[in-house]
A.B. asks: 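Below you'll find the structure I mean.
Side chains are part of it too, since the values below use all heavy atoms of this structure and drop only hydrogens, waters and symmetry mates.
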Amino acid sequence: FQPAEDAWTAVPRLKDAVRFARHNLLDAPSDGARFDVILCRNVLSEMDPAQRGRVVDHLERRLADDGVLILGAEERIEGDTVAFRPVGGRKGLYVKAPAALSRAA
């Protein structure tokens with residue numbers, strides 16, 4: 001980052017490394033795109049259990065091994081998947097387990 005007037009801006013090298021994308025959470029991934037971080041705050045708590053399980057599976061398929069999933073502070077996914085583990089008592093923060101481990105369970 002670099003200072004800019006009363007704020008900070010990202011340097012071009014950082015901007016080039018970041019990709020933002022929108023996806024329908026209910027649709028299965030149709031390409032091989034993987035993400036290091038997925039922000040999905042305050043969405044899962046409003047879904048019925050069948051949709052929720054499907055969405056968590058889709059998020060797991062999109063996230064790189066050891067990638068980070070950030071949910072709303074009160075959202076929990078422990079009952080929906082074995083692919084993610086909570087991070088150090090932080091609410092809504094999960095890390096994806098390596099693919100071999102998550103698929104074997």
Side-chain angles (χ1 to χ4, degrees):
F1 289 90
Q2 60 192 18
E5 295 184 26
D6 294 333
W8 290 85
T9 61
V11 296
R13 185 175 54 133
L14 177 59
K15 289 179 182 179
D16 293 342
V18 175
R19 178 172 49 115
F20 291 89
R22 288 183 177 213
H23 296 276
N24 185 332
L25 296 174
L26 297 175
D27 293 341
S30 59
D31 59 23
R34 303 290 294 265
F35 299 94
D36 296 311
V37 177
I38 295 177
L39 306 171
C40 187
R41 295 178 48 88
N42 304 315
V43 174
L44 297 176
S45 60
E46 301 299 320
M47 294 184 170
D48 68 59
Q51 285 181 324
R52 184 180 163 97
R54 195 165 93 211
V55 167
V56 170
D57 180 59
H58 295 167
L59 293 173
E60 186 262 333
R61 290 170 50 194
R62 283 286 192 190
L63 198 61
D65 287 349
D66 294 325
V68 176
L69 174 63
I70 301 173
L71 302 177
E74 301 306 317
E75 291 180 299
R76 302 288 177 267
I77 59 172
E78 287 84 0
D80 297 316
T81 181
V82 296
F84 295 98
R85 61 184 186 275
V87 176
R90 297 198 184 257
K91 292 182 176 183
L93 185 60
Y94 295 87
V95 172
K96 181 183 170 190
L101 176 64
S102 63
R103 301 251 187 259

A.B. asks: Can you see which heavy atom on Ala4 is nearest to which on Thr9, and at what distance?
C.D. replies: CB-CG2, 3.7 Å
A.B. asks: Looking at every non-hydrogen atom in both residues, tell me the closest pair between Cys40 and Leu59 and how far apart they are.
C.D. replies: SG-CD1, 4.2 Å
A.B. asks: Ignoring hydrogens, what is the shortest heavy-atom contact between Glu60 and Ala83? Give both atom names and the distance.
C.D. replies: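 Between these two residues, the closest heavy atoms are CG-CB, 3.2 Å.
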A.B. asks: If you take all heavy atoms of Lys96 and Ala64, which pair is closest and at what distance?
C.D. replies: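 For Lys96 and Ala64, the tightest heavy-atom pair comes out as CD-O, 3.6 Å.
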A.B. asks: Considering the options Ile77, Ile38, Val68, Val56, which one meets the side chain to side chain contact (heavy atoms under 4.5 Å, CB included) requirement together with Tyr94?
C.D. replies: Ile77
A.B. asks: Return the minimal non-hydrogen interatomic distance between Leu25 and Val55, and the atom names on each side.
C.D. replies: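 Closest pair (atom of Leu25, atom of Val55, distance): O-CG2, 3.5 Å.
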A.B. asks: Measure the CG-CZ distance between Asp65 and Arg34 for me, rounded to the nearest 0.5 Å.
C.D. replies: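 CZ of Arg34 is found 6.0 Å from CG of Asp65.
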A.B. asks: Kindly indicate whether the side chain of Leu26, heavy atoms from C-beta on, has any atom under 4.5 Å from the side chain of Gln51.
C.D. replies: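 With C-beta onward as the side chain, the pair touches.
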A.B. asks: State, yes or no, whether a side-chain contact exists between His23 and Arg62 at a heavy-atom distance under 4.5 Å.
C.D. replies: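 They are in contact (side-chain heavy atoms under 4.5 Å apart), so the answer is yes.
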A.B. asks: Check whether Leu14 and Val37 end up in the same hydrophobic cluster, where Ile, Leu, Val, Met, Phe, Trp and Tyr are linked by side-chain heavy atoms less than 4.5 Å apart.
C.D. replies: no
A.B. asks: How long is the span from the CD atom in Glu75 to the CG atom in Leu93, to the nearest 0.5 Å?
C.D. replies: 13.0 Å
A.B. asks: In the single-linkage hydrophobic clustering (I, L, V, M, F, W, Y; side-chain heavy atoms under 4.5 Å), do Val95 and Leu44 co-cluster?
C.D. replies: no
A.B. asks: Distance check, rounded to the nearest 0.5 Å: Leu63 atom CG versus Asp36 atom CG?
C.D. replies: 7.5 Å
A.B. asks: Taking all atoms of both residues into account, what is the closest heavy-atom pair of Val11 and Gln2, and its distance?
C.D. replies: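 Scanning both residues completely, I find the closest heavy atoms to be CG1-OE1, 3.7 Å.
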A.B. asks: Indicate if Leu71 and Val43 have the same hydrophobic cluster label, given that clusters are the connected sets of ILVMFWY residues with side-chain heavy-atom separations under 4.5 angstrom.
C.D. replies: yes
